[in-house]
Structures are given as structure tokens and as C-alpha cells.
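See structure below.
Numbering of ligands and ligand atoms starts at 1, following listing order.
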Amino acid sequence: MKTYWKRSVCPYDCPDECGLIMETDGKTVFRVKGDPKHPSAKGFVCRKMNHYEKTIHHPNRILTPLKRIGKKGEGRFEEISWENALTIISNKWKEIIDQYGAEAILPYSYGGNEHTIQNKSGEAFFNKLGASNLERTICSKAKGVGYKQILGDTQGKDPSIMEQSDLIIIWGCNAAATYIHAYQNIIQAKKNGAKIILIETYETPVSKTADEIFLVRPGMDGALALGIAYYMKKHQWLNLDFMKSHVYGWKEFLDTLTDEAAEEFSEDCGINPEQMKHLAQMLSQASHPSILIGSGLSRHRNGAMNVRCIIALQALTGALGDSKGGIIGELSTGYALNRNYASKPEWKQPHTRTINMNQLGDALCDIEPPVRSIYVYNMNPANTAPGQAKVLKGLAREDLFTVVHERFLTDTAKYADIVLPADTSTEHADLATPYGHLILQRSYPVIEPVGQAKSNWDVFCLLAERMGFQENFWKLSCNQLADAIVDHSPQLKQLWTEEEYQRYQEGYGVCLPVESPLTFKTPSGKVELINETLGKKDRIPHYMKLDHGVYPIHLVSAPHVQTLNSTFTERKELTEKRGEMTLKIHPSDALQRNISNGDQVTAYNDHAEVVFLAEVTKKVKQGTAVAEGVFQAVQTYNGLTVNALMSQQLTDYGEASTLNDNRIEIRKTKLG
Ligand SMILES: Nc1nc2c(c(=O)[nH]1)N[C@H]1C(S)=C(S)[C@@H](COP(=O)(O)OP(=O)(O)OC[C@H]3O[C@@H](n4cnc5c(=O)[nH]c(N)nc54)[C@H](O)[C@@H]3O)O[C@H]1N2
Ligand SMILES: Nc1nc2c(c(=O)[nH]1)N[C@H]1C(S)=C(S)[C@@H](COP(=O)(O)OP(=O)(O)OC[C@H]3O[C@@H](n4cnc5c(=O)[nH]c(N)nc54)[C@H](O)[C@@H]3O)O[C@H]1N2
Ligand code: SF4
Ligand SMILES: [Mo]
């Protein structure tokens, strides 16, 4: 058998989007490694993808279209042909459109595949159809908006600069699991002598690299940041030169940091004044401080504001204008590619309603006029959306026509009327625009499609034909569409040399140029500590105090190192290492409730009751409980996961999810 190595790039919802190389014969992938020529992967990938072949050729992959023969959720299906499946879907949709209008159809997708074509082309299809729009904000939109409110369109910094920092604050990011190459940069910085500080709600795997750990009350990071700013002001630990030249509104901002305010900050966030002062001193004495901001801390009702308060600190140190420090963790490369060529926003039909993806339960159960059909791709909302109990109730509706395009029979797919088999990133061409570093990569198919699996794009083209769309756009192959997007991105040729452009076209990861750190793309051309476009209440970063109701314990849902959201849960060797669905509880909270390590406990609030295995540990802050990972129904005790305890509320800005802004009570589960 003749095999060879081929270049590819990871498609999953992970900031690294690692460059990969794969040993193949064109039909089977035998081995997967990090691409040694990829500037960030440097030959190293995570434990999930270094056996990607186990996912690609997994015996449970869906290989043909399926039609439901059991009850919704039961998971009983029969195989049908593509011809038959497309006829059933298009006939049903035409019937719904005739009777209720296309708005009764809802697309539902997120970042299951992050690459431009498989991620964006569905929007073109549903815009053309006139379906309801989906607000795709489950992840970190509030963080993005918080960043924008102070830095506008300023280019995000590449994590590799942290290697030159002398102080790194990892603020709510489990980089050891979720941003592994940035974590390598941090480890290198530590070897170079940098001090590493962790600000978290619990001691994540990152703790082992941290010199000092501060456990904050969830959602109170704004208070903590402003407390630190207060001590910087009090002791004049400020970079006045930078502020005078490059920061708009700094005097007015500092005026808000009074002694009384500082006391409240400390009391609320659970970090004492001495610790705040210590953090202020370390930050201001560092020559090149970096702050790596995760997304979890923005999934609160005050999430965008908290992010803004943290960024404000680096306006006071001047690190925002430094090429060896500043803010890491908010970056996009989408500007380099014309992604709109794939999503066709101009085809959006006026006055169609928009549904927020975080309120799927309400959308399926309550809204008028009702959603009559949902098409799910790149997502598994039965496991990942907030308000799980209501989402499942909605998906169980007999009168809801559900189509799911998937690689595995996920919990969502089990509710489908029709399941369509999706391919993997090795089976199609695409264009990666990562959100964790400045490296673009183009990918080409490594193997032929497995079974009858098809890419998102190919399915949308087939559906377009059935729905009578006439545009030549729908006649392109994946690779032709990739060519067209690149051709319609003239900026690429301006950003790169001819040689870099050629390497990109050949499928190598190629870096985008780094802009001057003093280029602030805001209306004033400065860092906007005060944002005049916001109302009086919010123009200055301030502490947004929240009402948390009657339940005493704050619940945090954190990522797990063995899995990626619900992706990779098909891989036994990973889920076995992950173990059971666990809730981490502080010993004092456990004692008060007569809970011991290893007990079954029921966490509850107004949304649901969910059973976990208790892990009693000093690694969480008292008053906080942490559930890591996304679990499938079969891996749960009572059919529900931590997502059932989450509300459908949205953030202050960005209409994002508030997955970490929920309270619970916990009791020992009565067995038998
Ligand atoms: N292995 C693995 N990798 C992943 C993922 C995964 O599930 N597993 N998920 C991928 C996705 S979709 C994303 S968005 C990224 C996310 O990557 P991260 O930004 O690292 O992950 P988050 O979900 O934001 O959670 C990070 C941390 O936020 C903390 N946190 C929650 N609330 C607060 C708070 O109020 N204050 C503070 N200080 N900390 C808080 C949690 O304790 C958690 O440890 O990772 C991606 N990569
Ligand atoms: N409890 C809890 N809940 C969470 C999180 C958490 O950490 N804990 N994280 C939250 C965050 S940050 C996010 S972003 C969301 C993510 O929520 P989801 O997007 O639902 O999660 P994923 O598991 O990344 O991807 C979903 C599905 O996409 C499918 N998929 C992959 N590639 C393709 C493809 O090319 N085509 C098609 N049609 N399907 C494909 C995968 O098989 C997978 O089942 O979850 C959120 N919910
Ligand atoms: S899941 Fe993340 S760390 Fe793993 S290969 Fe993909 S991009 Fe890299
Ligand atoms: Mo995410």
C-alpha cells in the first residue's frame, strides 16, 4: 500500500486551529501529527486531534441519510437515499412556506466547523430562503463587544508575544485545555523569568504553572479590575506619558475610583485590599505585562463591562501600546478574507425576524408565529444550549419538522425527522480564519468522502437546487468556492508578498502582518477609556452589581481538557479519562449540606434538578461550584446536564449567553 503525507488544518471551535499533517492513501487517514511547518502548531497538537483518524473512521459515523421510525429522542432510524431525503425536506419546506411563510423555518448552527465555507455558506442559503435569522452569540460575543467598546477595530495581539512579557495574568482562561499553543508561550515566558498570575473561579490545570492564584467570585471581575485600578491611582503607579498621548478620558475614569468604591469592590469580589494592592503593584512594575482574557468571565449579565474594566488596566500601564505585552485573547483574522462572499448578507430579506440562539427553548416552545421547522448543522444544542430542559421539550414537539446534518447520532440528531450524514474536514476543501493567532491556512481534501457523507456546502447546493434557486453560486464545488472567496479578497495580495500568497495557495499556514501596537482603530484614534457612543450610564467603565436571587451557590460551567464542547464525546478513550459528570464543591459548602466526596448530589434551581457526583475540593472558592465538560444524555444520571440549570438570559452587550451566571442550591441525592 502506498501512503503519503498531506497537509490539513483543524476545523474545530478552538482558538489554535492547528496546522496538521496526515498519513493517507487517499481513502483512509492512518496517522495525524501537528504540522512542523505551521508557525504556531510547530509539530504539536492536542490529545484529541493527534488521533483524529479515530473520529474520521469511527464505527458510529453516520454514513447515509436517515429517516426517523421511533419516537423523537429515542434514536431509531432507517436508512434512506439522498434522493429520498432531499425530496422529503424540500416538499415539507415548500408546504410550510406556502402555509406560514419562510420565517417559520429556523436555521440553527454555531462553530462545530469553524472554517469559512462550512461555517458561513448556510447563511447564504437561509438568507435566500427568507428563513428566520439566527443571532449566533452563544460563545464570546460579549467579550468581543467589551473589547470593541474600548479598542474599536484595533488588531488583536498574537499570543506568541507573551514569550517576551515579564508578567502574565491569565484571567479566566483554562489555556492548558483550551488554548494549548498560547499555553506553550506562557510556559516559555516562565522559563524566561516571567511571573505568572492566575485569576480564576477555581484552580484549573493552569494553576500548576502559576506563581500566584487569586480566586474571585464569579461575575465580579469588573469589581476586581477597578479595585486594582484604584490602587494604581492611589500610589500613582500609572504610565502618564502613554495616557496623555494615547488614552481618551483617563482623568475622568480615575476620578470615579473613590475610597468608598474600592471598599465595595473588595467586599463583593472576595479579594482583599492587600491582595488588590499587590496585584496593582506587580502590574505597574512590570516592563511588559500581558493579560490573557478567557471567554467564561464574559458569560455573565455584566460580561462586556467586566471585560472593559480589565482592558482598562492595560491603558493605565501603557501595555496596550507595547509590542511585548497588552491584551491577549481577543483576536480575529476574518478581516483578511471576504467571508461575506460565502454568507451573502445582501441576500437577507428585509423584516425577517431574528431569534437569539441562547433562547432556543423559548423559540421552540413559546414564540408566535411558531417555528415549524429547524435545520441544525455545526451544532448540538440538546447538549450545549442553555435552558436544556426547555430545549428538549421544544425538540420533542411532534409538529416540529427537524433536520440535523451531523457526523454522529448526537442527542440533537436523535430528535430529527431526517438526519443527513456530514463529512469531516479531511473530506472537503476550505479556508481557516483562526481566532487565536494570526495565521491563515487553506485546506484541500485529504481523503474521499466516507460513505455517503457530504459537506455542509454540498448539502446547501443540493437543497438550493430543490428549492429552485437559480444563481450560478450554487453550482460551484467547495474548492471552486474557496478560489472565488480568495479571488474576492484583494486585501490578501496587499497584506502578503507574492511568495507568502503562493505558500497560502499551496496549503501552508501563513502569518498575517502585525500592525504597529500604537495603531488604535477607534473613532478618536486613541484607546477609548470613555466611549461617547454609549449612554450616560455606561460611557465610563464601572462596576455593574447584579442581583443573584435566592439560591446561594454560584454555578460555573467550564471546558474539559479531554473534549471540546460536545465534540469528541464519541471517543471512548477520551470520555473514560474524563470520568463521570462531576460537580466540584468547596469543603465548607459540602459540610453545611452533609455532603461527602463521591456522594451523588442534586443541584437545583427554578429551571431544573440535575444529579452529579460530588467532588469536594479546596480548589474551588467557597460559594462557587464548577461543572467541567459537556455530557451526552447517556452519560448523565437523570437525563439532564449542567445546561439545564442555566437561564436563557443575555449579557449587557452583545446579546450573548450567560452560561456562568446562574445560582443553585445543592442537596445530597436520596438514592433508591
Ligand atoms: N479542551 C477544550 N478546548 C476548548 C473547548 C473545550 O470545551 N475543551 N472549548 C472551545 C471553545 S468553544 C471556547 S469558546 C474556548 C474557551 O476557552 P476559555 O476561554 O479558556 O474557556 P471558558 O469557557 O471561557 O472558561 C475558562 C475559565 O473561565 C472561568 N470563569 C468562568 N466565569 C468566570 C468569572 O466570572 N471570572 C473569572 N475570573 N473566571 C471565570 C472558568 O472557571 C474557566 O476555567 O475553548 C475552546 N477550546
Ligand atoms: N456545559 C457547557 N455548555 C457549553 C459550553 C461549556 O463549556 N459547557 N461551551 C459553550 C460554548 S463556548 C460554545 S461555543 C457552545 C458550542 O456548542 P456546539 O457548537 O453545539 O458544540 P460543538 O461540540 O463544538 O459542535 C457541535 C457539533 O458540530 C458537529 N460538526 C462538526 N463538524 C461539522 C461539519 O462540518 N458539518 C456539520 N453539519 N456538523 C459538524 C459535531 O459533530 C458536533 O456534534 O457550547 C456552549 N455550551
Ligand atoms: S482541537 Fe484545538 S488544540 Fe486540538 S488540534 Fe484542533 S485547534 Fe489544535
Ligand atoms: Mo465557544
Side chain to side chain, Asp417 and Val403, heavy atoms closer than 4.5 Å
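Side-chain contact under 4.5 Å: no.
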Heavy-atom contact under 4.0 Å between [X] and ligand 1?
X      : answer
Arg217 : no
Trp171 : yes
Ser140 : no

From the options [options], select the one whose nearest heavy atom is closest to [atom].
atom                    : options                        : answer
atom 3 (N) of ligand 2  : Asn660, Asn643, Ile117, Thr412 : Asn643
atom 42 (O) of ligand 2 : Glu406, Gln118, Arg299         : Glu406
atom 44 (O) of ligand 1 : Lys621, Gln562, Glu203, Glu200 : Glu200
atom 17 (O) of ligand 2 : Leu409, Val404, Leu420, Thr384 : Thr384
atom 24 (O) of ligand 1 : Gly296, Gly222, Ala176         : Gly296
atom 26 (C) of ligand 2 : Arg136, Met379, Glu628, Gln388 : Met379
atom 38 (N) of ligand 1 : Leu297, Leu215, Asp221         : Asp221

Which heavy atom of the protein is the closest neighbour of [atom], given with residue, atom name and distance?
atom                    : value
atom 2 (C) of ligand 1  : Thr563 O, 3.2 Å
atom 1 (S) of ligand 3  : Leu564 CD1, 3.6 Å
atom 39 (N) of ligand 2 : Asn378 N, 3.3 Å
atom 9 (N) of ligand 1  : Asn565 OD1, 3.5 Å
atom 32 (N) of ligand 2 : Gly112 O, 3.5 Å

Using a strict 4.0 Å cut-off to heavy atoms of [X], name the atoms of ligand 2 that fall inside it.
X      : answer
Leu564 : 23 (O)
Tyr110 : 14 (S), 19 (O)
Thr567 : 22 (P), 23 (O), 24 (O), 25 (O), 43 (C)
Cys139 : 12 (S), 14 (S)

Report the part of [X] in contact with ligand 1, treating N, CA, C, O as backbone and CB onward as side chain, heavy atoms under 4.0 Å; options are side chain, backbone, both, neither.
X      : result
Ser295 : both
Asn306 : neither
Asp13  : both
Val556 : side chain

Ligand 1 atoms in contact with Val561 (distance to a heavy atom under 4.0 Å):
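Listed by number with element: 1 (N).
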With heavy-atom distances below 4.0 Å as the criterion, list the atoms of ligand 1 near Ile199.
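It comes down to these atoms of ligand 1: 38 (N).
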Centroid separation under 6.0 Å, is that true for the rings of His38 and His437?
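Ring centroids of His437 and His38 are less than 6.0 Å from each other.
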Can you tell me how the ring of Tyr375 sits relative to the ring of Phe460, calling it parallel under 30°, perpendicular over 60° and tilted otherwise?
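Tyr375 vs Phe460 ring planes: tilted.
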Decide, yes or no, whether a salt bridge links Lys619 with Glu203 under the criterion of side-chain N to carboxylate O below 4.0 Å.
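Looking at Lys619 and Glu203, the cut-off is not met.
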If only side-chain N and O atoms count, and only distance matters, is there a donor-acceptor pair under 3.5 Å linking Tyr637 with Glu580?
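Yes, Tyr637 and Glu580 have a side-chain donor paired with an acceptor closer than 3.5 Å.
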For the residue pair Gln388 / Thr641, report whether a side-chain donor-acceptor contact shorter than 3.5 Å exists.
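Looking only at side-chain atoms, Gln388 and Thr641 do form a donor-acceptor pair, the distance falling under 3.5 Å.
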Can you list, by chain and residue number, the protein N, O or S atoms under 2.8 Å from atom 8 (Fe) of ligand 3?
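Cys18 SG, with waters left out.
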Could you check whether Arg578 makes a cation-pi contact with Phe631, meaning its NZ or CZ is under 6.0 Å from the centre of the six-membered ring and within 45° of the ring axis?
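So Arg578 does make the cation-pi contact.
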If you measure every N/O of Asn113 against every N/O of ligand 2, is any gap under 3.5 Å?
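Indeed, backbone or side chain, Asn113 has an N or O that close.
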Is His300 close to ligand 1, meaning an N/O of one under 3.5 Å from an N/O of the other?
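Such a contact does occur with ligand 1.
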Record the part of Val630 in heavy-atom contact with ligand 2 below 4.0 Å; permitted values are side chain, backbone, both and neither.
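Just the side chain.
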Would His560 count as a contact residue for ligand 2, given that I'm defining contact as a non-hydrogen atom of the residue lying under 4.0 Å from a ligand atom?
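Per 4.0 Å heavy-atom rule, His560 does not contact ligand 2.
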